[in-house]
Amino acid sequence: MDLQYGRFEQILTQFLLKSIHIILDSRVPSTRPYSRCREVKKSDKWFNLALGDRPSALENLNFWHRNLTEPIIIDIILVQEPPNSSCGYSLLPTTSGLGTFTETVIERWVVQCEYLRTMTPQSSDVSYKKTYKKSIILLRSLFSMMRLLPAYKAFRKLSSTNQTCDFDINYKVSTFSVPFSRTEEELMKHYSFIPVDAQQGRFAISVTYRDNLSHFNLEASTSFPPEIITDYVGSPLTDPLRTFPSSLERRFHATPLLSRGMHSPSSVPFQRPHSWTSGLHRGVSSPQSQPLAGSPALYRASYEVSSVISDTYGRKVQDCKSPAHYEAASSNDSYQLSPPFSPSPSPSPPAYLTSGNPVQTRLRSESAPVSIPHPIVGRSSRYISPNSSDPNRNSLPPLSPRFTKHDSSSQESPSGTRSLRKPDSLRSAESSCGMTYLGQKVSRDAKDDSGRFSGLLSSSDSPRVGFSRSSSRLSFQDDLDECDFSCPFIVDDVDTSESQANQNLDLRKGSEASSQANSSVRKSQDAAVGALVHMLRTAPPLRLDCSSYASGFEKSELESIAGAGSGFVLPRKTSDALEELKAYSEMKELLLCKSGSITSRAGSKDETSSS
Amino acid sequence: MNCEVCQLKELVSLGPPEPRQEVEHFEVREVLRCILHTILFHRALGLVRPKDVDLELFDITYVQCGDVEHEKKIDEKIDHFIDRVEKHPNKKNQICLSFYEVKNKQATWFTNKVERHYWEQWYINLNTVQHPKTHSGKSHHSKVVVDPGETASEERNARRTALESSLREVLFQIIKFVNEKKDHVPPIPNLDGVSFPYEITISSSSDSAFGMDMLKRMLQTGHPTMLS
C-alpha cells in the first residue's frame with residue numbers, strides 16, 4: 001500500500017511538472033531552453049513525451065508545493081503598453097517603480113489532483129499503470145490543445161526572431177488565484193479535460209481562456225519603427241564611460257519578492273507565498289492586486305523560494321549576457337538581487353530580439369564597441385550654414401574621444417572599421433557637415449537593427465545637403481544635382497569619375513596664376529567634392545586622403561596638418577578659410593588691376609581724343 | 001473488447017478546376033496530413049519527441065510524432081486518396097484510420113491470415129467539390145460585366161475559410177474523443193513512437209465495395225459503438 005502510494009505520489013508530482021512544462025513551453029518564449037540537446041534525459045521520458053530541458057524554476061516545485069492537494073494555477077499574462085501612452089519606449093518610473101503597462105490574464109490553467117473525500121472501492125483499485133497510461137493520453141491532448149487556443153498565435157509572434165512585438169507574455173504560477181471579474185468572465189471560455197482516475201483522486205486539467213485576442217491588436221512588425229536615440233552609449237553627447245545599468249535599472253525595476261512582500265504589499269498582485277512570477281511583474285494597472293498576507297513563517301518560505309529562484313534566474317541572465325554583449329557589468333548585481341528576474345522576460349538572446357522591450361534590444365545593439373555618433377536628424381540645418389570658421393566649428397557635434405584620436409583607435413573597432421575610417425577621412429577632407437557617422441549603424445547585421453536604423457538612414461537626405469554645401473561654402477545647387485546621394489556613402493559612379501577628373505586637373509592647376517583663381521576655386525570645390533566622394537568609396541588612410549583633397553592646399557601643408565592629430569580639423573578649416581581669403585584678395589587685386597589698367601587706358605584715350 | 005468508432009465531421013474541400021492540378025490538391029493534402037498526424041500523435045503512446053508543423057494554407061499548427069517512416073506512410077496514402085479523388089470527382093470520399101491488435105498469430109485450418117482485432121477506428125469524411133468552371137463571355141442579364149475571376153477567387157477564399165473552421169472543429173473533436181475514451185486502449189508495448197499498429201483504408205460513397213468493407217470490419221470487431 002505504501003509502495004502504491006509512493007508510486008502515486010511520484011506520478012502525480014511528475015504529472016504536475018510535465019503539465020506546467022507543456023504550458024510554459026507553449027506560451028512563454030523565455031522559458032524555452034536556448035539549446036535543446038538531442039539525447040532525451042531520463043527525467044524527460046516521463047509520460048513518453050520528450051520536451052527538452054525543463055525551465056529551471058520548475059526544479060523548485062517540490063520545494064514550495066508541498067501539499068499535493070493544492071491546485072497549481074498558471075496564469076498566462078499578456079503585457080502591453082497602453083495605447084495612449086505617450087512615453088513610447090522610454091519608460092518612466094511610476095509610483096510603484098515600474099513602467100506603465102497593462103497586464104491581462106489571457107489564460108488560466110488549473111492542474112490538480114482532485115482528491116475524493118469518499119474513496120469508492122473502484123477508485124482504490126485503479127492501478128498506477130492505468131493511471132500512467134491515461135495520463136500519457138491526457139498530456140498528449142493538452143499538448144495539442146495548447147496549439148489550438150488563440151494565445152498560441154501570440155506566442156508564435158513573440159517567438160519569431162524575424163519580428164519585434166509590441167507586447168510580451170509573462171506567467172505566474174501559484175496555488176491560488178483571484179477570481180475573474182464578471183466582465184472578464186464573459187470574455188472567457190472554459191474547457192476541462194476529462195480527468196484521469198488515480199488511486200487517491202483524479203488528475204484534472206482545465207483552462208479558462210480568452211476566446212478572442214483581436215482587440216489587443218497584437219502587432220508584430222518586421223522592423224523597429226524609426227526612432228532617434230539620443231542617449232545611447234558612445235554618443236558624443238553622452239559620457240563615453242556611461243554604461244547600460246542606469247537605463248536598464250530604470251526599465252527593469254523588479255524588486256525582490258521578499259522586499260515586495262515586506263515593504264510594498266500593494267504594488268504587486270498575487271503576492272502570496274507559494275507562487276512565483278516571471279520577470280517584470282509590474283502589477284501597476286492590474287485591478288486585482290491584493291495586499292500581502294501571511295505569517296512570518298510563510299514570508300520566510302517565500303524568501304527561501306525567491307532566493308533559490310533568484311539564483312536560477314540570475315544565472316540564466318548572466319549566461320545570456322555574453323551573447324548579448326552587455327557591457328553593463330555592474331548591472332549583474334541588479335539582476336541577481338531581483339528574483340524572479342528575467343529582463344523583459346527574455347533571457348535568451350534570440351528572445352531579446354523579439355521581446356517587446358525596445359530598450360533591451362536597443363541596448364544590445366549598442367553594446368558593440370563601436371563609437372556611435374549622434375544622429376544627424378534635426379541638425380542638418382546647421383550644416384547648411386555657411387562655413388565660417390567659428391560657427392561651423394560649433395555646428396559639428398562634439399566629437400567623441402574616439403574620433404579625435406589617431407587612426408589606430410578607429411581601426412581597433414570591430415564592425416565599424418570601414419565606416420569609422422570614413423569619418424576620419426572626411427575630417428581630413430574638411431567635412432564640416434558631420435554626416436560621417438550614419439554609415440556605422442548600417443554595418444550592423446542584426447535583423448532587428450536593420451529596421452531600426454532605417455530611420456537613421458532616411459535622415460541622410462539633409463546631411464547630404466549639408467555636406468555638399470558646407471564643403472564648398474558657396475551655393476552649389478549644381479553640385480546637389482550632380483551628387484545625388486541616397487546615403488552618405490553611396491555615390492554614383494559618374495559623379496565620382498567626374499569629380500576625380502576635376503580633382504586631377506585641380507592638382508595640376510593648383511599653383512597657376514591668379515587669373516585662373518576664380519575657375520580654379522570653382523574647380524577645386526568640385527574636385528573637393530569628388531575627392532571626398534572618392535575617399536568615402538575607397539576609404540583610404542588619413543594621410544593618403546589628405547593629399548587627394550585639393551582646394552589650393554600644398555601637399556606638404558596638408559600632411560603637416562594631417563599629422564596634427566586631435567587638432568586636425570580646426571586648423572585646417574581656419575587655414576582653408578585663410579587660403580580662400582587670399583585667393584579672393586588676389587582675385588580682387590587682379591580685377592582692380594585690370595579695371596585700373598582699363599580706366600588708365602580709357603583715361604589716356606580720352607585724353608588723347610580730347611586733345 | 002469494444003471497438004470505438006469516431007466519425008469525424010465532414011470536410012468540404014474545393015477540388016482542382018482541371019484534373020491533375022497539383023496546386024489545388026495541396027489543400028486536400030494539408031487537411032489529411034493534419035488530421036491523420038493529430039490522431040496518430042494521440043495514439044502513439046511510445047516515447048515521442050513532438051514536432052510542431054504549421055499548415056501553409058491555414059492558420060493551424062498540428063503536432064506530429066516526429067517519425068519519418070510514418071510520415072512517408074501517411075503521405076503515400078494521401079497520394080492514393082488524391083488519385084481516387086481524381087478518378088471519382090464530386091464524390092464523398094472517406095479515409096479510415098484503424099488501430100488494431102494482433103490477436104491470433106497461429107495459422108488455422110482455413111485461414112493463414114493473422115487475425116486483427118480493431119479496437120479503434122477513425123473515419124475522416126472529405127467531400128471534394130469540383131471547382132465551378134469560370135464563365136467566359138458576358139453576362140446576359142446585367143450591363144455591368146462581372147469579372148468571373150474575382151467571383152471565383154472570392155468563392156475559393158470563402159470555402160477555404162470555412163474549411164479552416166471545420167478543420168479546427170475536427171481537431172477539437174479528436175481531442176475530445178481521445179479524452180473521453182481511454183479505457184479501450186490496450187496496454188502500451190515497449191516501443192518508441194507509434195506503439196500500436198494501424199492501417200489506413202480509402203473508400204468512396206460510389207464504391208460498391210464501400211459497404212462491404214464496412215460490413216467486414218463490423219463483423220470482425222464485434223459490437224461497434226457508433227459515435228458521431
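The sequence lines fix the lettering, A, B, ..., with proteins before strands; numbering per chain opens at 1.
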How long is the gap from NZ on B/K9 to CG on B/L167, to the nearest 0.5 Å?
10.0 Å

Portion of A/K153 that has a non-hydrogen atom of chain B nearer than 4.5 angstrom
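The answer is the side chain of A/K153.
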
Among the options B/V63, B/D183, B/I60, B/L45, pick out the one with the most heavy-atom pairs lying under 4.5 Å from chain A.
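Greatest number of close heavy-atom pairs with chain A: B/L45.
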
Determine whether the aromatic ring centres of residues A/F47 and A/Y132 are separated by less than 6.0 angstrom.
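Yes; A/F47 has its ring centre under 6.0 Å from that of A/Y132.
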
Step through it carefully: locate the ring centre of B/F99, locate the ring centre of B/F196, and say whether they are under 6.0 Å apart.
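When the ring centroids of B/F99 and B/F196 are compared, they turn out to be at least 6.0 Å apart.
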
Should the pair B/W119 and B/H184 be assigned to parallel (<30°), tilted (30 to 60°) or perpendicular (>60°) ring geometry?
tilted

Structural part of B/V178 lying under 4.5 Å from a heavy atom of chain A:
both

